[in-house]
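Worksheet: the structure to be examined is printed underneath.
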Number of protein chains: 2
Amino acid sequence: MSSALPPFPKPEEPFDAPQMLEVGTSSDEPCLRADAARNRARLLEAAARLIAEQGVAGVTMEAVAAAAQVGKGTVFRRFGDRTGLLMALLDHSARQLQADFLGGPPPLGPGAAPLERLRAFGVAVLYRSAEQLDLQLAAQPEPTRRFSHPAVGSLRTHVTMLLRQIVPDADCDLLAHTLLASLDPALIHHLTRQCGMPMERLEAGWLDLVARVTATPPPGTGR
Amino acid sequence: MSSALPPFPKPEEPFDAPQMLEVGTSSDEPCLRADAARNRARLLEAAARLIAEQGVAGVTMEAVAAAAQVGKGTVFRRFGDRTGLLMALLDHSARQLQADFLGGPPPLGPGAAPLERLRAFGVAVLYRSAEQLDLQLAAQPEPTRRFSHPAVGSLRTHVTMLLRQIVPDADCDLLAHTLLASLDPALIHHLTRQCGMPMERLEAGWLDLVARVTATPPPGTGR
DNA sequence: TCACGATCCGGACCGAGGTCCGTTTAGATT
DNA sequence: AATCTAAACGGACCTCGGTCCGGATCGTGA
């Protein structure tokens, strides 16, 4: 056991600070070397093109590398694995959503009542996932990592915070997990594409769930 | 485009009837040829041995085939894919659980009030998953198939039925999905192994969730 | 007992994800 | 400008899941 230094130190930690990410910065690479940054951009662009042309299934690591005129090793060095690449593709919209509920206008952002924010949050997540369902599904890592990704951690933290304001006596951490689980992309896929439920029903389901869990009257009750 | 007959017709449909499976039969192979049945048993035994020796990670299709002194193609013919093999390993306990809540003694089985059955159901699922966590995790198919497997369909049907008796006015189908999502093995793994929550807390969380969703007082309230 | 067809077996083969390591290069220092 | 080092590059290589099809086997009917 001489040296155990990994070939690539680590594949670009997704977020710098644990949860607090500034929303203004357009990109997030810490301090990539010029060529590395260029290749990163080319890879993302190539991947997006491949998706547009042949769907997520066409996004093969080799194909992406070839399309970006780059070695295969480079793809893995930059993104860690296929999941990492797909996540990076989703990163933009993830940050958008985060910015919206962290500092955007009500009812999503601060300024609205916690209960209302929670309702809006679920609906937003629901529709966002529905839009990019294929990508979201393909980006799903192995079960072990599903919840450790910082992006979902951020959502969880937010929901937990809202819950603490609405039902302070509950086990908000646990409850947040449950609520988020009901917004899982795989579940949305199953319900909409395999069971044929319309999005409106899922939306209503979320509002109803929130109402039950928080023991508040459902929205639309106040006339 | 002459003939499109698949090499292997289908990899052993997991259950014969949609949901109604008789609980008495010990095994379920429809009518396998003698050698096929023998090989099937040897494969399952070999897989179990491999798990015991080196964990789920050691369960490679080739390794299982070799350990069972059988060709690789045979494994795939019998179980379809790796997920299928792992599922088959879980099949016994799945049927056990199903028998318990379908025809076993209260509070799980019929005879107890629906609300009580629902509570017991969650707790049972919780502990069963916790026992075989590694296997449950590894057996998780790609997101697209997570919910289409008959075993989970059976759980869902049961929960839906109970819900209909407890909260007839709700969207029980949807609610059942949500409740089951909160018992997902991946989530249990995250909460217990990565967040360090004790099982008691998850159990309490389930009971609390049921209470909220059904708008009933939590158990232990009656004195 | 024999023959025959459906079923099953085996292992070569393929594609894709992921790793390794010798080589190249950016860019900071002198 | 010359040098030096950490970082990045590239593609051969490995493993593993999954497919295919020629050949062996079971078990049934005569």
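In this structure, B:Arg77 atom CZ and D:dG17 atom C1' are separated by 17 Å, rounded to whole Å. Between B:Arg42 atom CZ and C:dC9 atom P there is a gap of 10 Å when expressed in whole angstrom units. Between the CZ atom of B:Phe79 and the C1' atom of D:dT19 there is a distance of 18 Å, rounded to whole Å. Nucleotide C:dC8 holds its P atom 17 Å from the CZ atom of B:Phe76, rounded to whole Å. Atom pair A:Glu62:CD and C:dG18:P shows a separation of 12 Å (rounding to whole Å applied). Note: CG (A:Leu86) to P (C:dG17) measures 10 Å, nearest angstrom. Note: CE (A:Met61) to P (C:dA16) measures 13 Å, nearest angstrom. Distance CG (B:Leu85) to P (D:dG17): 10 Å, rounded to an integer number of Å.
Closest approach to the A:Val70 side chain among C:dG18, D:dT19, D:dG10 is made by D:dG10 (side chain taken as heavy atoms from C-beta onward). When distances are taken from the side chain of A:Arg78 to each of C:dT19, D:dA8, D:dC16, the shortest belongs to D:dA8. When distances run from any side-chain atom of A:Thr60 to the nucleotides D:dG18, C:dA16, D:dA8, the shortest one goes to C:dA16.
In plain terms, the two heavy atoms of B:Val159 and B:Leu179 that are nearest each other are CG1-CD1, 4.3 Å. Nearest heavy-atom pair, A:Phe147 versus A:Val152, reported as atom, atom and distance to 0.1 Å: O-CG2, 3.5 Å.
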Given salt bridge (Lys or Arg N to Asp or Glu O under 4.0 Å), test B:Asp100 with B:Arg128 step by step and report yes or no. CA-CA 12 Å; B:Asp100 285 349; B:Arg128 177 180 105 88; over 6 Å; no
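Nearest-nucleotide positions on DNA chain C place B:Gln69 closer to the 5' end than the other of A:Arg82 and B:Gln69.
A donor-acceptor pair is defined here as one N or O able to donate and one able to accept, closer than 3.5 Å; no such pair exists between the side chain of B:Arg40 and the backbone of B:Arg78. The main-chain N or O of B:Arg145 is found under 3.5 Å from a side-chain atom of B:Ser148 such that the two form a donor-acceptor pair.
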Heavy atoms under 4.0 Å is the rule here; annotate nucleotides 23-30 of chain D 5' to 3' with B where the base is hit, S where only the sugar-phosphate is, and - elsewhere. --BBS---
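DNA chain C is contacted by no residue of residues 47-59 of chain B, taking any non-hydrogen atom closer than 4.0 Å.
A 4.5 Å side-chain heavy-atom check between B:His190 and A:Arg146 finds every atom pair outside the cut-off.
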Atom pairs and distances, side-chain donor-acceptor, residues 55-72 of chain B, under 3.5 Å, sequence neighbours left out:
{"from": "B:Glu62", "atom 1": "OE2", "to": "B:Lys72", "atom 2": "NZ", "distance (Å)": "3.4"}

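Aromatic ring pairs are classed by plane angle as parallel below 30°, tilted from 30° to 60° and perpendicular above 60°; the pair B:Phe101 and B:His158 is parallel.
The side chain of A:Thr74 places no N or O atom within less than 4.0 Å of a non-bridging phosphate oxygen (OP1 or OP2) of D:dA8. Contact between the side-chain N/O atoms of A:Asn39 and the OP1/OP2 oxygens of D:dC9 is found at a separation under 4.0 Å.
Under the 4.0 Å criterion applied to side-chain N and carboxylate O atoms, A:Arg119 and A:Asp208 are not assigned as salt-bridge partners.
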